[in-house]
Protein chains: 2
Amino acid sequence: MAQPDTVTRILDTAEVLFAERGFAETSLRNITSKAKVNLAAVNYHFGSKKSLIQAVFSRYLDPFTTRFHAALDDLEARHRQDGSIIPLEELLETMARTVLEVPAERNSLKVFMRLLGLAYSQAQGHLRRYIQEEYGSVFTRFTELVRKATPELPDAERFWRLHFVLGTVIFTLSGLDALRDIAEQDYHEHVSVRDLIRRLRPVVVSAMQAPLPEPPVQEVS
Amino acid sequence: MAQPDTVTRILDTAEVLFAERGFAETSLRNITSKAKVNLAAVNYHFGSKKSLIQAVFSRYLDPFTTRFHAALDDLEARHRQDGSIIPLEELLETMARTVLEVPAERNSLKVFMRLLGLAYSQAQGHLRRYIQEEYGSVFTRFTELVRKATPELPDAERFWRLHFVLGTVIFTLSGLDALRDIAEQDYHEHVSVRDLIRRLRPVVVSAMQAPLPEPPVQEVS
DNA sequence: CAATGTTGTAAACAATTGTTTGAATATGAA
DNA sequence: TTCATATTCAAACAATTGTTTACAACATTG
């Protein structure tokens, strides 16, 4: 067939519109008309709008988790031989590489990151629950490896720092278009996603390895 | 009067609901019923939902910019005397202190940060434009001071790093509730906003002072 | 007091939302 | 072919949205 099938057309259109305007701000009629598909097709194929949102995420996260698990398998196997601990840089590098690989096929890394950002910031409680349940284990595996790579960090400190850098990455890459416009206008330099990751690397590493904070100030009691 | 007036009741209720669920997901009927106010009151006092959203932001950002300008005046005056340059730490410290001061009266720093996060992540183009036009100048002043404090950084690099740490702060503080739940469950330690800022300080400073990235890889041409 | 402008209110408005229906059409196996 | 299943489609559904209207209540000022 010349045209991709209905399900694919819906997913392709939905992910772009969701990334552009958010979930609540994107109506089914909006999606179906742009996808040149009947309105009822969404409910027929996906059941509901919620399920469509989850399906959009699965299409990215399923291949991501598969590849990421494989990459971590590799990494662990290589370091089991010489008995060394996987350095933090390598872990971060592996994650970055996997994130870059997955959506490369469809040229939509931007969309992927924007969706991730939305998953955090939009209300959509069902989405957070869905992502946690479906993909929580790969994140747990990763954080466990980070724990071994940074034994000097207290557990709680590491937890927060991981989310600090997660914030940096998601915030930057999901708002990339707007930031890129400003950057090009002000500094006349074109910024690709790979450039950004190159800039992010030393910042993220330094952030994770920053000196420990002063102990909390005790109130007189 | 025992009850605060209608306008205040609407603003108080709206900011909480907006922060909890986002703008599109919060209906006017939702706000007015919870605020025990007639539905038409919003359009009567504010004109439209958009204007209400902007008014919610003004109530935080107006006092913030005023205080922040004053704090920067102080800082500059003190350093003009001995001719020294304001160190980065002091600039960041000043900003953090101002952010903490402003909503302290209403015990709603969480709401404030969450709103800031929404302003970035939600579609609401009118909001971004409004904030940029109304409050862009204070941000420009701040970045100019940061420029003087970090002369070793190329302009573009500093631009990106500022947005990296902006991402960290907004992402963390605006998703605070969810993260706090996980942290308390996993590490049995209660985290206040002040704790978080204490943890953020060394991370942000290290991030800004990270080594420069490797120069971009040149393709063969 | 009377007049005037401000604020509060119930009801209706038109538009848009996600979802469902039932019939039409296409597809594929017997 | 024939039958059954899968898909598409236009239409309608009920619910919810932001906004407007017309009127009542109130306050303020002359």
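The sequence lines fix the lettering, A, B, ..., with proteins before strands; numbering per chain opens at 1.
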Go through the side-chain N and O atoms of A/Ser51 and A/Ser48 and say whether any donor and acceptor fall under 3.5 Å apart.
-> yes
Which atom pairs link the protein and nucleotides 17-19 of chain D when you take only N or O atoms and keep those under 3.5 Å?
from: D/dT17; atom 1: OP1; to: B/Ser27; atom 2: OG; distance (Å): 3.4
from: D/dG18; atom 1: OP1; to: B/Lys49; atom 2: NZ; distance (Å): 2.7
from: D/dG18; atom 1: OP2; to: B/Leu28; atom 2: N; distance (Å): 2.9
from: D/dG18; atom 1: N7; to: B/Arg29; atom 2: NH1; distance (Å): 2.8
from: D/dG18; atom 1: O6; to: B/Arg29; atom 2: NH2; distance (Å): 2.7
from: D/dT19; atom 1: OP2; to: B/Asn43; atom 2: OD1; distance (Å): 3.2
from: D/dT19; atom 1: OP2; to: B/Lys49; atom 2: N; distance (Å): 2.9

Interatomic distance, A/Asp5 CG vs C/dT27 P [rounded to whole Å] | 13 Å
Pair A/Phe18 and A/Phe23, ring centroids less than 6.0 Å apart = yes
A/Tyr135-A/Phe57 aromatic ring centre distance below 6.0 Å = no
Side chain B/Ser206, main chain B/Val203, donor-acceptor under 3.5 Å = no
A/Asn38 vs D/dT7: side-chain N/O to OP1/OP2 distance below 4.0 Å = no
Starting at atom OH of A/Tyr44, determine the distance to atom P of D/dT5, rounded to an integer number of angstrom.
-> 12 Å
Which whole-number value in Å describes the distance from A/Ile10 CD1 to D/dC9 C1'?
-> 13 Å
Presence of A/His45 side-chain N/O under 4.0 Å of D/dA6 phosphate oxygens OP1/OP2 = no
Does the side chain of B/Thr6 get closer than 4.0 angstrom to OP1 or OP2 of C/dT7 through an N or O atom?
-> no
B/Tyr130 ring center within less than 6.0 Å of B/His126 ring center = no
Between B/Arg201 and B/Glu93, is the closest basic N to carboxylate O distance under 4.0 Å?
-> yes
